[in-house]
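The next block holds one structure in the form of structure tokens; read it before the comments.
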Amino acid sequence: MKELPKIYEPQKVENEIYMRWEEGGFFNPDNIASDEKYCNILPPPNANGELHIGHASGYTVMDIFGRWARMKGKKTLLLPGKDHAGIQTQVVFEKKLKAELGLSRQEIGREEFYKKTYDFCMDRSGYMRSQEKKIGISADWSREKFTLDPDVLSSALQTFVKMHEDGLIYKGKRIINWCPRCATALSDVEVLHKDTPGKLYFIKYPLENSQTEFITVATTRPETMLGDTAVAVSPDDERFAKLVGKNAVLPLQNRSIPIIADQRIDLTFGTGAVKITPAHDPLDWQIGKDHKLEEIQIIDEKALITEFGGKYAGMTTHEARKAVVKDLEKLNLLEKIEDLAHSVSICERCKTIIEPLTSEQWFINVDAKKYSLRRLAKKVIEENLIEIFPNNFKKILIDWFDNMRDWCISRQIWWGPRFPVWYCDNCGEQKYLVSLEKPSNCPHCNGTNLTQDENTFDTWFTSGQWAHTTLKSRENDFENYYPSDMMVMGRDLLFFWSARMIMLSLYATGKVPFRNLFFTGLVLDKEGHKFSKSRGNGIDPLTVIEKFGADALRMSLIMDSAPGQNSRLYEEKIETFRNFANKLWNISRYCLTQEGFKLVEEISSKDIENPADNWIIYKLQMTVDEISRLFENKQIALAADVLKTFTWNDFADWYLEINKIEKNQKILGYVLDKVLRLWHPFIPFITEHIWTLAEQEKMLIISTWPRPLHDIATLLDGWQYVENLKAIITTIRNVRTENKIELDKKISIVINSNNEAFSKMIKLEFQEEIIKRLKTGADSISYNQSESGLGNSIKRTAGAYTLFINLAGAINTEKEIAKAEKEIASLEKFIAGLASRLENKEFVSKAPVQIISQQQETLAKKQTELSELKKHLKSLS
RNA sequence: GGGUGAUUAGCUCAGUUGGCUAGAGCACUUCUCUUACAAAGAAGGGGUCACUGGUUCGAGUCCAGUAUCACCCACCA
């Protein structure tokens, strides 16, 4: 056995291990023969940058479940990919183009821009792929996909064609969210709302044919009055009842506009009268539709005032607001201005203020007669055809579907797939043809000059189909792996992505896209802030991996947090898991350097030679059971915690120490074998590395998950013996520390027990040797069933035994008395509580028998302890 | 305006179907470089589980309400 370093050095082994996994073909499910399958289509990160810690967090969760499934013998497919990320990538790449070449996209033209952006995405994808490998994700790279891959895309566009045939698609002029900077329409979810201090302007609109009467409206956006086509009041508002049906004169524009009544007006807000601008406000647009009002577009797509804005034409909205307010003041029509906190819509990508505009766009009717996307999506969730974890997200998703409005899917950007919609130059835009391929001629007039629709798709239209389109390009994959078992995503993608995937996949395939939907929380910095570029608090996964190793990063991302709950990440935390990895390394180092050591896959009951073997096998059995149960419940953080306790506190702290004295290499090899397997999904690199050092033939990644060990463990008895032994040792150490006795000063111990447990001390020599050598400093141990002549010793209860520890005069009597008194007080209190509970008739009649007998046992034990302690106190004073 | 989550040790957080005196990591105190590991070992100290009620034999856990914080949704002009 070659010399092993004292410190585990992940940097030296991780790359090589990943390469061996890849070359072994273990990520490709085709190489696994099994009837059981497991599939997780990985969420595609945006191919325009690099991985951040949030990606790493999600990937870790996915990989843990994936490796677990693989070890359970399932044909396991983790399918990776990248998203072209329409608007975001265009924003990123335009900036890059400007910074590096000083060019705008208009200057290089649509075709060239698309080509350059594509190359950019390919380049980033390559880099991001290398990052994903560093994290250790066991994905099948031979199946990697990009949302713009021809097969993936064509499958997604077919859904559009089908939807069009089914009447779910319509094109229409409607009010939409317009980002003036991105120069495109946005869907509702791409708009953020930000509370901002603003002003509420009260403007007097003169009544028609009157010099003295006015109706006063309140608005936060006075410039939009240029496009007003009505004033609305509540039908229940008596103040204005007599004005309904009359007209007002729109100041500055001198147009006559009707005063109408509408249920949607809140008579308690402002003056109760609202100016209606159908072209520039969503609610006004609705009201305008219902009252057949004219729409006057006075703000254009660059957020400038149009020709319909009269003398304000060409101004920005900001300039127009100032000018309008000033002019109204001059006319004495501005009644007052109040401060008002209200919420402003901004673009999710560039934070520019959204201008609501009416515009010709493509929409998906999410509640069509023939097929209601949102109702059917809601139904599968209600019926638990998709299990959502944690479950509280289920209600949020259902509520969202209930309130969902039609989905605007057209964008006026260049980066992304164009609509498969064709217009004939002859027939014009009124007649169009939907077809994946460019038609050779127009079905209406046979003309051959056909041009494609300029619009590109909302990026969520294609990524919303990722769950099934990715499986369509290889024969049988769809049949084999759809629906997938697991989908993991950050909770911030709840509406953007999970909702769209459920709707679109359900529609396109008739089946749910996945059976389990697992939401992860956000990863925050040490202070609980989001990681962001502007804050400059980002943690680069690669830097962390370089410093602490991928395994430590993985552990720190999934442990100490509850599912769906946000968690914090910082160096000290990662360090503790790096320390754990090192602990596991040294445990293995000890094992591997033992004479004749090897990993052992199976044992039988006759391999158990001493009580410690018995004990550790029992503990291992409990751990395997517990971890398997927790995995089934998707509680991976708790599973890792249970395993950590077993590894460190049971195996390393006790079994290894005892093993140095009572060697049984077979059990040692067996336990380490199981420990490595159980840890592998969490920390694949170090476990695989140790596995290799142990000269295993097959790699750990494809080894089998430990079975429950009941067949062996049930044969065992007396495992509690070691628990008692631990108590004895701990008690002696404790007494030593309390009395400040140096370890090299030897003490003598008398172990006394007048109960049955004493007779159960199966192997006295074994016990004696261990007590002496496990840092107790005991040099003589004797056993006695009577207490006479032990008055000079410190007396302690340890497990089923009473110890008399003779410190050879070093005893601090005063301290000992104080301690005994304190202990007696707390014991008495505890016993009183327990006794009264056991005397309670209701408790005895209603509580489960198990609980009652447990508590009776405890009571008896504590009562004995108390009386012993009292005797001890008496002997001291 | 609606919703969700959080509130447990000095700090960061676990706590599964309600059940023995509520746990971990970090930090803290004392001791130890003992032949796997000082990135470690040994022994400790530290908590009215935000508050008020309720259900229950039994509540950190379930229910109702209150407070504070965080996040999400929303067409309050």
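Every chain is numbered from 1, with letters handed out A, B, ... down the list of sequences. Predicted, not measured: the structure shown is a model, and the values here were computed from it.
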Exercise. Under the side-chain contact (heavy atoms from CB on, under 4.5 Å) test, which residues partner A:Phe830, sequence neighbours left out?
Worked result: A:Leu834, A:Thr858, A:Lys862
Are any protein N/O atoms closer than 3.5 Å to N/O atoms in nucleotides 53-61 of chain B? If there are, list each pair with its distance.
residue, atom, partner, partner atom, Å
B:C57, OP1, A:Lys846, NZ, 2.0

Problem set entry | Pair assignment for RNA chain B - dot-bracket with | for other-strand partners, Watson-Crick or G-U under 3.5 Å | (((((((..((((.....[...)))).(((((.......))))).....(((((..]....))))))))))))....
Exercise. With sequence neighbours left out, what residues match A:Lys573 under salt bridge (charged side-chain N to carboxylate O under 4.0 Å, His left out)?
Worked result: none
Exercise. In residues 218-228 of chain A, what residues come within less than 4.0 Å of RNA chain B, judged by heavy atoms?
Worked result: A:Ala218, A:Thr219, A:Thr220
Give every pair of a protein N or O atom and an N or O atom of nucleotides 70-76 of chain B that lie under 3.5 Å apart, one pair per line with the distance.
residue, atom, partner, partner atom, Å
B:C75, OP1, A:Arg405, NH2, 3.4
B:C75, OP2, A:His193, NE2, 3.4

Between the protein and nucleotides 40-46 of chain B, list the N/O to N/O atom pairs that are separated by less than 3.5 angstrom.
residue, atom, partner, partner atom, Å
B:A40, OP1, A:Asn579, ND2, 3.2
B:A40, O3', A:Lys583, NZ, 3.3
B:G41, OP1, A:Lys583, NZ, 3.1
B:G41, OP1, A:Trp648, NE1, 2.4
B:G41, O2', A:Lys775, NZ, 2.7
B:A42, O3', A:Arg733, NH1, 3.3
B:G44, OP1, A:Asn734, ND2, 2.7

Exercise. What pairs with A:Glu575 under side-chain contact (heavy atoms from CB on, under 4.5 Å), at least two apart in sequence or on another chain?
Worked result: A:Phe548, A:Arg578
Problem set entry | For A:Arg733, side chain to side chain donor-acceptor pair (under 3.5 Å) partners two or more places apart | none
Return the polar atom pairs (N/O with N/O) between nucleotides 15-17 of chain B and the protein under 3.5 Å, or none.
residue, atom, partner, partner atom, Å
B:U16, O2, A:Arg629, NH1, 3.2
B:U16, O2, A:Arg629, NH2, 2.7
B:U16, N3, A:Arg629, NH2, 3.2

Atom pairs, protein N/O to nucleotides 10-12 of chain B N/O, distance under 3.5 Å:
residue, atom, partner, partner atom, Å
B:U12, O3', A:Arg568, NE, 3.4
B:U12, O2', A:Tyr570, OH, 3.2

Exercise. For A:Asp560, what residues pass the salt bridge (charged side-chain N to carboxylate O under 4.0 Å, His left out) criterion, not counting sequence neighbours?
Worked result: none
For this session: Looking only at non-hydrogen atoms, find the nearest pair between A:Ala218 and A:Gly270 and report the distance.
Result: CB-CA, 4.1 Å
